[in-house]
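None of these values were measured; they are calculated from a predicted model.
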Amino acid sequence: MSQNTPSSSSSDRPTPKKSWCRIPDIYAVLFIFIALAAIATHFVPAGQFERVPGPNGRITIDPNSYEQIASSPVGIVDFMLAIPNGLMSAGEVVFFTFMIGGMFMVLRRTGIIEIGVDKLTRRFARQNLLTIPVLMTVFALIATVIGTQELALVYVPVILPLMIALRFDSVTAAAVALCATTVGFTTGVLNPINTGLGQQLSDLPLYSGYGLRVVAFVVMLAAAIFFVMRYARMVHQTPSLSLLSSDTSESEKRSLYQHADNSPALIASARQKLAAIATFAFFAVLVYGVLQQGWFMMEMAGLFIIMGIVVGLIAGLDTDEICAGFNQGFRDVLVGAMIAGVARGVAVMLEDGHIMDTLVFGLGNLVGGLPTLLSAIGMFFAQLGFNFIVPSGSGQALVTMPLMAPLSDIIGVTRQTAVLAFQLGDGIGNILYPTSGYFMATLALAGVPWQKWVKFFFPLFCVWIAIALGFLIFAQATQWTG
């Protein structure tokens, strides 16, 4: 006897509603920006500044040398090569992302990360929220002294297991590393990358005006800590409110690092103890190399390769297990490494079309046409906008400050204020714009999609802009000279 039961055809299923506020996939966003940059080369006049030697042998621009040149809009072939050339241009970031991902996967296979996380979790079980201001303060202080914002790439894999074990999420781990290093880098109390180079290009005494920058450091860091702790507390109390609550990889992390309160403590073997000591020794070498030898991504990547091999062997892994660990780590960060390279395609289009210098020249003229009271604010937004194209702090300084420094004399802004506008405009956007290679790689290591990060970070981004404008208005009103 047949039953007339309703069929479960696709036509009977509810159609999910499309959200018009949904942020597109990051690849789509970047492709659109590359296409817009290519189109702009057909309408924006080509131009160039003369390049001259700058501080410490760096190449900078002559602000009085801008001239228009023959138009050279990018063609179909140039557009087709934008992403491959972007990957080649961002090769340092791409390679570093692969190496750090592979190295940390090898460390996970040794078991020392789980053991360390277990001990720290038990130590901070009753004071889990206090780990956030402590870590953020340390990371911010390091960044404001040595100016290496890219250290967030190192911090995230280290603290991610701890944040998960303490009942937070991957967004919290990314925020602790990215927001703290950005505050330190942006305010740059003794930062040689933005403060030091910016002041050298502006003919100011090195690290002068540090008092106001210290106040800015404290205020911006306090805002960041409050914001991150508020989110972390919410996730700890109600895990379903996490931005990654439905993410499969997040569930896997929780099952791996979160244990019942009455679970037995993990005990390290003799070989694991030796491996842990070797790991700390390698990180000591890393700190020495960065501070004393000027190491950057390539040197750190090379050290991570050796670190993964040596620590793995000490812990008892055989060569096949070490290679498998590197391969798995490479796969885990593949998307982030690719995004870091694809993002570079925007600048490649502007450079191939020779309109990068035209944009800089136009921004200078735009700021120069503002009323005196708004000039410092105009400089800030000009730097914030240009940071989308050139997310490198030193690169942005070498291109914009030779123009902004003499312009500030004409429009009634002190050069110290012009440097502050550059610092604030350069730093804040580094962890919002998808064209920032190290930032996108850090999100990949944390397992946080860019769209989710934007939902989390954008309110703090607006607060930081308000703080920046407050300091610039004060500097302009007092004609701050440091």
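A 4.5 Å side-chain heavy-atom check between V171 and V235 finds every atom pair outside the cut-off. Residues V342 and F31 fail the side-chain proximity criterion, which asks for heavy atoms closer than 4.5 Å. Side-chain contact between R167 and P239 is absent, with no heavy atoms from C-beta onward closer than 4.5 Å. Side-chain contact between M379 and L472 is absent, with no heavy-atom pair separated by less than 4.5 Å. Looking only at side-chain heavy atoms (C-beta outward), Y210 and T187 stay at 4.5 Å or farther from each other. At a threshold of 4.5 Å between non-hydrogen side-chain atoms, the residues L363 and F381 do not count as touching. Residues L160 and S170 meet the side-chain proximity criterion, which asks for heavy atoms closer than 4.5 Å. Annotation: side chain of L197 is in contact with side chain of L201 (closest heavy-atom distance under 4.5 Å).
Side-chain N or O atoms of Q68 include none that pairs as donor or acceptor with a backbone N or O of T358 at under 3.5 Å. A donor-acceptor contact shorter than 3.5 Å is absent between the side chain of D426 and the backbone of F422. Side chain of T400 to backbone of Q396: a donor-acceptor contact under 3.5 angstrom is found. Side-chain N or O atoms of T97 include one that pairs as donor or acceptor with a backbone N or O of V93 at under 3.5 Å. Put simply, the side chain of Q199 never gets that close to the backbone of V419: no donor and acceptor are under 3.5 Å apart. T144 places a side-chain N or O within donor-acceptor distance of the main-chain N or O of V189, the cut-off being under 3.5 Å. Remark: the backbone N or O of A232 is not paired with any side-chain donor or acceptor of T172 at under 3.5 angstrom. Counting only distance, with no hydrogens or angles, the side chain of N194 and the backbone of F185 share a donor-acceptor pair below 3.5 Å. In terms of modelled atom types and a separation under 3.5 Å, the side chain of Q48 and the main chain of H354 share no donor-acceptor contact.
Salt-bridge check for D357 with R51: passed, with a basic side-chain N closer than 4.0 Å to an acidic carboxylate O.
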Using the rule given for side-chain contact (heavy atoms from CB on, under 4.5 Å), can you reason through M220 versus L424, listing the C-alpha separation, both sets of side-chain angles and the distance that settles it, and then say yes or no? CA-CA 11 Å; M220 291 186 69; L424 297 173; 4.2 Å; yes

Determine, stepwise, if the pair Q451 / V454 fulfils side-chain contact (heavy atoms from CB on, under 4.5 Å). CA-CA 5 Å; Q451 299 91 321; V454 171; 5.9 Å; no

Check against side-chain contact (heavy atoms from CB on, under 4.5 Å), S408 and T414: CA-CA 6 Å; S408 66; T414 67; over 6 Å; no

What's the verdict on side-chain contact (heavy atoms from CB on, under 4.5 Å) for V183 and F139, showing C-alpha distance, side-chain angles and the deciding distance? CA-CA 9 Å; V183 167; F139 295 163; over 6 Å; no

Tell me, with the steps shown, if Q416 and S208 meet side chain to side chain donor-acceptor pair (under 3.5 Å). CA-CA 8 Å; Q416 199 73 262; S208 56; 3.0 Å; yes

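Sorted by first and then second residue, the salt bridge (Lys or Arg N to Asp or Glu O under 4.0 Å) pairs with a member in residues 212-221 form an empty list; sequence neighbours excluded. Listed by first and then second residue, the salt bridge (Lys or Arg N to Asp or Glu O under 4.0 Å) pairs that reach into residues 215-241 come to none, sequence neighbours excluded. Within the structure, no pair that satisfies the salt bridge (Lys or Arg N to Asp or Glu O under 4.0 Å) test touches residues 456-465, not counting sequence neighbours. Counting only residues at least two apart or on different chains, the salt bridge (Lys or Arg N to Asp or Glu O under 4.0 Å) pairs with a member in residues 185-211 are D203-R415.
For CD1 of I59, the number of neighbouring non-hydrogen atoms (other residues, nucleotides, ligands) closer than 6.0 Å is greater than 12. Around CE of M88, the count of heavy atoms belonging to other residues, nucleotides or ligands within 6.0 Å does not exceed 12. Other residues, nucleotides and ligands contribute over 12 non-hydrogen atoms within 6.0 Å of the CZ atom of F227.
Atom OG1 of T182 sits about 10.5 Å away from atom CG of L432, to the nearest 0.5 Å. Here CE of M136 is found 5.5 Å from CD1 of I225. Values are rounded to the nearest 0.5 Å. For the atom pair CG of D78 and CE of M349, the computed distance is 6.0 Å after rounding to the nearest 0.5 Å. To the nearest 0.5 angstrom, I39 atom CD1 is 7.5 Å from F43 atom CZ. Atoms CD1 and OG1, on I473 and T417 in that order, are 12.0 Å from each other to the nearest 0.5 Å. Note that CZ of F79 is 10.5 Å distant from OG1 of T41, once rounded to the nearest 0.5 Å.
Smallest separation of non-hydrogen atoms from V360 and V399: CG2-CG1, 3.4 Å. Closest non-hydrogen pair, A174 versus A446, comes out as CB-CB, 4.0 Å. Closest approach of M404 and A382 over heavy atoms only: CE-CB, 4.1 Å.
For T435, there are no side-chain hydrogen bond (donor to acceptor under 3.5 Å, both in side chains) partners two or more places apart in sequence or in a different chain. Partners of Y66 by ring-ring contact (aromatic ring centres under 6.0 Å, His included), not counting sequence neighbours, listed by chain and number: F49, F361. Every residue two or more places apart in sequence or in another chain that forms a ring-ring contact (aromatic ring centres under 6.0 Å, His included) with H236 is listed here: F168. Annotation: side-chain hydrogen bond (donor to acceptor under 3.5 Å, both in side chains) contacts of T481 (sequence neighbours excluded): none. For the salt bridge (Lys or Arg N to Asp or Glu O under 4.0 Å) test, residues two or more places apart in sequence or in another chain that qualify with E351 are R344. Scored by the side-chain hydrogen bond (donor to acceptor under 3.5 Å, both in side chains) test, Q423 finds T195 as partners (sequence neighbours excluded). Every side-chain hydrogen bond (donor to acceptor under 3.5 Å, both in side chains) that Y231 has, sequence neighbours left out, goes to D169.
F456 and W453 have tilted rings, their planes meeting at an angle from 30° to 60° on a 0 to 90° scale.
Among the candidates T181, N430, T186, the single residue satisfying the side chain to side chain donor-acceptor pair (under 3.5 Å) test with Q149 is N430. A ring-ring contact (aromatic ring centres under 6.0 Å, His included) with Y433 holds for exactly one of F386, W450, F457, F388; it is F388. Shown are I411, D409, L403; of these, the side-chain contact (heavy atoms from CB on, under 4.5 Å) with L407 is made only by I411.
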Side-chain donor-acceptor contacts of residues 280-307 below 3.5 Å, not counting sequence neighbours, with atom names and distances?
{"from": "Y288", "atom 1": "OH", "to": "Q293", "atom 2": "NE2", "distance (Å)": "2.9"}
{"from": "E299", "atom 1": "OE1", "to": "F296", "atom 2": "N", "distance (Å)": "2.9"}

